[in-house]
Amino acid sequence: MAKYNHKSIEKKWRKYWDKEKIYQTKEDKSKPKYYVLDMFPYPSGAGLHVGHPKGYIATDAIARMKMMQGYNVLHPMGWDAFGLPAENYAIANKMHPAEATKNNIKTFKKQLELLGFTYDWYREVNTTDPKYYKWTQWAFLQMFKRGLAYESYEPINWCPKCQTGLANEDLEDGKCERCGSEIERKPMRQWVLKITDYADRLLNDLDKLDKWPAPIKEMQRNWIGRSEGALIRFPVIARSEATKQSYGNEDIASSSPTARSRNDNLEVFTTRPDTLFGATYMVIAPENSLIENCKLEIENLEEVNEYVERSKKKSDLERTDLAKEKTGVELKGVKVVNPANGEELPIFVADYVLTGYGTGAIMAVPAHDERDFEFSKKYGIPIREVVAPLIVNEKGEDAFKKDAPIIERDAVVCVVKHWSEDKYLGIRWLKNDWQGFVIGGIEAGEDTSVAGIREITEETGYKNVEYIKPLGSIVHSKFFQALKKQNRFAHFVPLLFKLKDGEMDNIAEEEKNLHEVMWLSPEEVGKFANREDMRIIWKRVFENECYAENGVSINSDFLNELSTVEAKEKMIQWLEEKKIGQRKVQYKLRDWVFSRQRYWGEPIPLVHCEKCGVVPVPEKDLPLELPKVKHYEPTGTGESSLANIEKWVNTKCPVCGGPAKRETNTMPQWAGSCWYYLRYIDPNNDKALVDKEREKYWSPVDFYVGGAEHATRHLIYARFWHKFLFDIGAVNYDEPFTRLQNVGLILAEDGRKMSKRWGNVINPDAVVEDFGADAMRVYEVFMGPFDQPCAWSTQGLVGAKRFLEKVWALKEKALQNAILTPTQSGERSPRAQILGDSSITPQNDNEKITTLLHQTIKKVTDDIENMRFNTAISQLMILVNEMTKEDQLLLTPYSLLLKLLSPFAPHIAEEIWAELGNKESIFLSDWPAYDAELAKDAEIILAVQVNGKLRDILTVSADISEEEAKQTALASEKIQKWLEGNQPKKIIYVKGKLISIVV
RNA sequence: GGUCCAGUGGUGGAACUGGUAUACACAAGAGACUUAAAAUCUCUCGCCGCAAGGCAUGUGGGUUCGACUCCCGCCUGGACCACCA
């Protein structure tokens, strides 16, 4: 028998498939469609490494199975070729980006072709092809016409090395995602897409995407970052030089004659309008215009300006470094009035407030916000509690029980300090589960400190107790009291005490036995008093934590006693009534900075006319082609190199015909990938982005496979564009991708990422050469769960190759056992006949193989559908091992095995299939269906447990009844031994699995 | 710091809805074939124990006849977000 020669086989079938065009997708609307899509690659100069094709192998397997299942399959491929890396690569290699891109695509395509994918290359798209980007420009113009693209002069992220502005999404830890340079904030003119108009829909429609991985949806939710709250306007007042005062000086009322009211309001966004009464100062970002507006009134303007300058010089990285201490400067001479209570509040400028979010200013409530708390402690600003904690124990033994009654209690919680050591009193009640501080009920009319002293003495015997101070507000707590089987709604009054000495009264014997008293170091207390309510009280002893959760309003006038949710609502209504604020939904998502100051991108099709302003290039003139130039290096001035090409820049205004200049910014790399999946449907249409009828048939994408790194960029941008195209009637559905699957990274053998830098890159070409495309494909999906990262192992690859060799070796066995025709004894009959002819009854039908085969059909089909390729391959290995062990093998089961293997190892499957006498490609044959009856085992194995431990294993007929099974189990010698003559209390029978005997 | 995910042999990993833990593969060891090597084939392979049996899914508890799986706490690792008011 000829040896398995992957090289010749793979070459032969690639050629055949190409010639026969078996993967060319036809517009056959009688068949159900299946659109399976890969995230198209960025053709870099480095070529592919073995990690890149992993996703493509998966979609290819799915595409092949779906084809065989009778679907009309669309499985296209293309190139995302515009953008910075291509340009940088071209500069480094002294080439034109167009040329470099062309070469890179050629390399990529060649590499991909070696792996035998089902791509329909007649539908190849390339984002840098003018015929393609004509429609990218067209879509941009539609946005422009509808006001979704606008010019902005806000400072943006500028990468000094790449010499271009970047979107927020393009940053990693405040650094340029591409080159790692620290980003500067630079004000410059740019085009921005109003993605925030779609924020709500992008967020809400995530709920419809039930076949997307939950973590990706979560990341998008997080990125969009919706929060509900209120805008509140604080009137700004300024004082004359003579009355310069700082905050907290009570004798200056807002009615003071020296106070000059200004027309300014300081507007802030807050998610906690319920804490307005707790605001003790305001903070503005260094970029806030209030400083400019009030420069005459600010008495320490020099100091303020200095601070602002210092902040501007800081990189984003420094500014957002959480480890650093917060800094700020008070704006002396200017204050705001709290509209809720008329109090005057100082204003600080501090760079812990960000400029692009909300209004770039906040009301600071130190008692209930970590950052404000930290800042106010540093600058000695008063802290006012306006929310009493409400702890609802939801987990574990303390959680409220549904059926128990709710009992309310007022109680004191006494934190008691030792008279000489740094220790605190802990108490453990022996009868119930309580451990913590001394706690006791407050009697009617009793002063809380008196109640505390009484309880301490009663429970511990210590006589000389000194009351120090209250520990903040009441702490409400809902928990389950296990001993009394009650739900408790407790209102704890936390108090701090100190013992003067260790003198004790004798306490009743009875009381002594109830609890244990111990002295604990501060570290020990933290662990000892571990319930959330006690933890909060304990932290207050050191005043180093604030309460930022929901609770009950206090010290807040008309909000008092309302829950946080109710208080927020009431405050918003009040603000709206008084016209000093309103309800507001705020997003973290910012509008998409859509221009880049580089050459290699789609030109933005706009013209600047002195008379007419910004005018769109007429649609009939699209595409607006990128001029072919020799020099395209960035200018570094914030203009793209296009600005230097006078011939191109100077044009006529399409409206008035007068002189005009073209927009010289180009689109970002992400533009082309926003809609490429639509173009595959109709790649050559020059009348529309996509034909709507065709789109109706093929859309949405049924299965989209790609890396998780695109969660917050490509996948948000594409959804945004798609929704926009839906809104203007260009497409039929409002979400582009029905099902999404992430590919786990393939790491190098050393466990690191594959990278030129580490010299650990494995080239697929070499793998294909040495082991074959089929072995590589099988190995890559067998490595482990598809979405998990996994290190490459050449040894593992060897295993995959061995498996294919085993399949190959079975061919001879199957052919030997082919039924011989009577007339040509000793010769094989025409094999095609054998396969198709059901009248020939197998002479040695092997029940074991048949059962296993049908189980395998089921498992492989399900596993491919659910992306569990590793277990599909494992099941095929089991089948092949079994077939190898048997003396005889019929053609039919072998043919079915080949079909099951073909999505993973198409070349070898096709080769053997042909050798068996089939005239047509295996991929034009039907996918096997399994027979549930045949997949059933004749005999099953029952596990028998005694008291939960496995004691015997029985092999019984599959149709055994429960009674029979129990009798057989009890009759077993081993079981009898373990029963030791005892009568079983209970026998549990799980059909087809086990019998559990309880003695 | 927050959120989410994960932790199973020497290694990658399997285990359906709570029901025989370690499938499949790699590595390792022994043997066969060979003048020899490679390749191939056969066997062994979680730990302790001669065995009976006991112990093992990061760790400590809990629920259950029964837990890798469910619940609570802790430890470790990863991903994402990160001063978003």
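So you know, we letter chains A, B, ... as the sequences are listed, proteins then strands, and number each from 1. Note: hydrogens, waters and symmetry copies are ignored here, and every other heavy atom, side chains too, is used.
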Asp937(A) and Gln855(A): side-chain donor and acceptor closer than 3.5 Å?
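Note: Asp937(A) and Gln855(A) side chains meet the donor-acceptor criterion.
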Taking atom types as modelled, is there a side-chain donor on Asp787(A) or Asn742(A) under 3.5 Å from an acceptor on the other?
no
Nearest atoms (heavy-atom pairs only) where [X] meets [Y]:
X	Y	result
Trp792(A)	Glu780(A)	CZ3-OE2, 3.4 Å
Ala748(A)	Ala791(A)	O-CB, 3.6 Å
Ala279(A)	Leu345(A)	O-CD2, 3.5 Å

Take atom [atom1] of [X] and atom [atom2] of [N], then tell me their distance rounded to the nearest Å.
X	N	atom1	atom2	result
Arg221(A)	rA82(B)	CZ	C1'	19 Å
Phe375(A)	rC83(B)	CZ	C1'	12 Å
Phe234(A)	rA85(B)	CZ	C1'	12 Å
Leu745(A)	rC80(B)	CG	P	11 Å
Phe771(A)	rA39(B)	CZ	C1'	14 Å
Glu218(A)	rA79(B)	CD	P	18 Å
Trp978(A)	rG66(B)	CH2	P	16 Å
Asn742(A)	rA6(B)	CG	P	15 Å

Reading RNA chain B 5' to 3', how would its secondary structure be written in dot-bracket notation, given Watson-Crick and G-U pairs with both distances under 3.5 Å, brackets [ ] for crossing pairs and | for partners on other strands?
(((((((..(((......[....))).(((((.......))))).(((....)))..(((((..]....))))))))))))....
Is there a donor N/O on one and an acceptor N/O on the other, under 3.5 Å, for the side chain of Glu370(A) and the base of rG1(B)?
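Not at all, since no donor on one side and acceptor on the other fall under 3.5 Å apart.
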Any N/O donor-acceptor pair, Lys985(A) side-chain to rC65(B) base, under 3.5 Å
no
So which nucleotide from [options] ends up closest to the side chain of [X]?
X	options	result
Arg951(A)	rC65(B), rU20(B), rG53(B)	rG53(B)
Lys949(A)	rG19(B), rA85(B), rC55(B)	rC55(B)
Val990(A)	rC83(B), rG19(B), rG53(B)	rG19(B)
Asn222(A)	rG13(B), rC81(B), rC83(B)	rC81(B)
Leu354(A)	rU20(B), rG13(B), rC83(B)	rC83(B)

Taking [M] as the reference, what is the distance to [N] when you measure between their [atom1] atoms (whole Å, please)?
N	M	atom1	result
rA38(B)	rA30(B)	P	13 Å
rA79(B)	rU11(B)	C1'	23 Å
rU42(B)	rA25(B)	P	11 Å
rG49(B)	rC55(B)	C1'	11 Å
rC16(B)	rG61(B)	P	26 Å
rC81(B)	rC71(B)	P	28 Å
rU69(B)	rU17(B)	P	15 Å
rG77(B)	rC45(B)	P	35 Å

Are the side chain of [X] and the backbone N or O of [Y] linked by a donor-acceptor pair below 3.5 Å?
X	Y	value
Asn338(A)	Ala340(A)	yes
Thr359(A)	Glu267(A)	yes
Lys806(A)	Thr884(A)	no
Asp952(A)	Ile975(A)	no
His854(A)	Lys936(A)	no

Check this one for me: any side-chain N or O of Tyr357(A) less than 4.0 Å away from OP1 or OP2 of rA85(B)?
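Yes, because at least one side-chain N or O of Tyr357(A) sits under 4.0 Å from OP1 or OP2 of rA85(B).
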Residue whose closest nucleotide on RNA chain B lies nearer the 5' end, Trp223(A) versus Lys974(A):
Lys974(A)
When Leu950(A) and Lys977(A) are each assigned the nearest nucleotide of RNA chain B, the 5'-most assignment goes to Leu950(A)
Quick one: salt bridge (charged side-chain N to carboxylate O under 4.0 Å, His left out) pairs with a partner in residues 347-362 of chain A, sequence neighbours left out?
Lys314(A)-Asp351(A), Lys324(A)-Asp351(A)
Looking at residues 992-999 of chain A, who's got a heavy atom less than 4.0 Å off RNA chain B?
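Going residue by residue through residues 992-999 of chain A, the ones with a heavy atom under 4.0 Å of RNA chain B turn out to be Lys993(A), Leu994(A), Ser996(A), Val998(A).
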Just list the side-chain donor-acceptor pairs under 3.5 Å for residues 985-999 of chain A, sequence neighbours left out, or say none.
none

Could you run down the sub-3.5 Å N/O contacts of the protein with nucleotides 23-28 of chain B?
from    : atom 1 : to        : atom 2 : distance (Å)
rA25(B) : OP1    : Asn881(A) : ND2    : 3.0
rC26(B) : OP1    : Arg802(A) : NH1    : 2.6
rC26(B) : O3'    : Gln795(A) : OE1    : 3.4
rA27(B) : OP1    : Gln795(A) : OE1    : 2.4

Enter syn or anti for the glycosidic conformation of rG54(B), syn applying to angles within 90° of 0.
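rG54(B): anti glycosidic orientation.
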Side-chain donor-acceptor distances from residues 222-229 of chain A under 3.5 Å, at least two apart:
from      : atom 1 : to        : atom 2 : distance (Å)
Trp223(A) : NE1    : Glu169(A) : OE2    : 3.4
Arg226(A) : NE     : Asp200(A) : OD1    : 3.3
Arg226(A) : NH1    : Glu228(A) : OE2    : 2.7
Ser227(A) : OG     : Tyr357(A) : OH     : 3.0

Describe the nucleic acid contact of Val944(A) in one word from base, sugar-phosphate, nothing, applying a heavy-atom distance below 4.0 Å.
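No contact at all - Val944(A) keeps every heavy atom at 4.0 Å or more from the nucleic acid.
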Looking at Phe375(A), does the NZ or CZ of Lys326(A) lie under 6.0 angstrom from its six-membered ring centre and within 45 degrees of the ring axis?
no
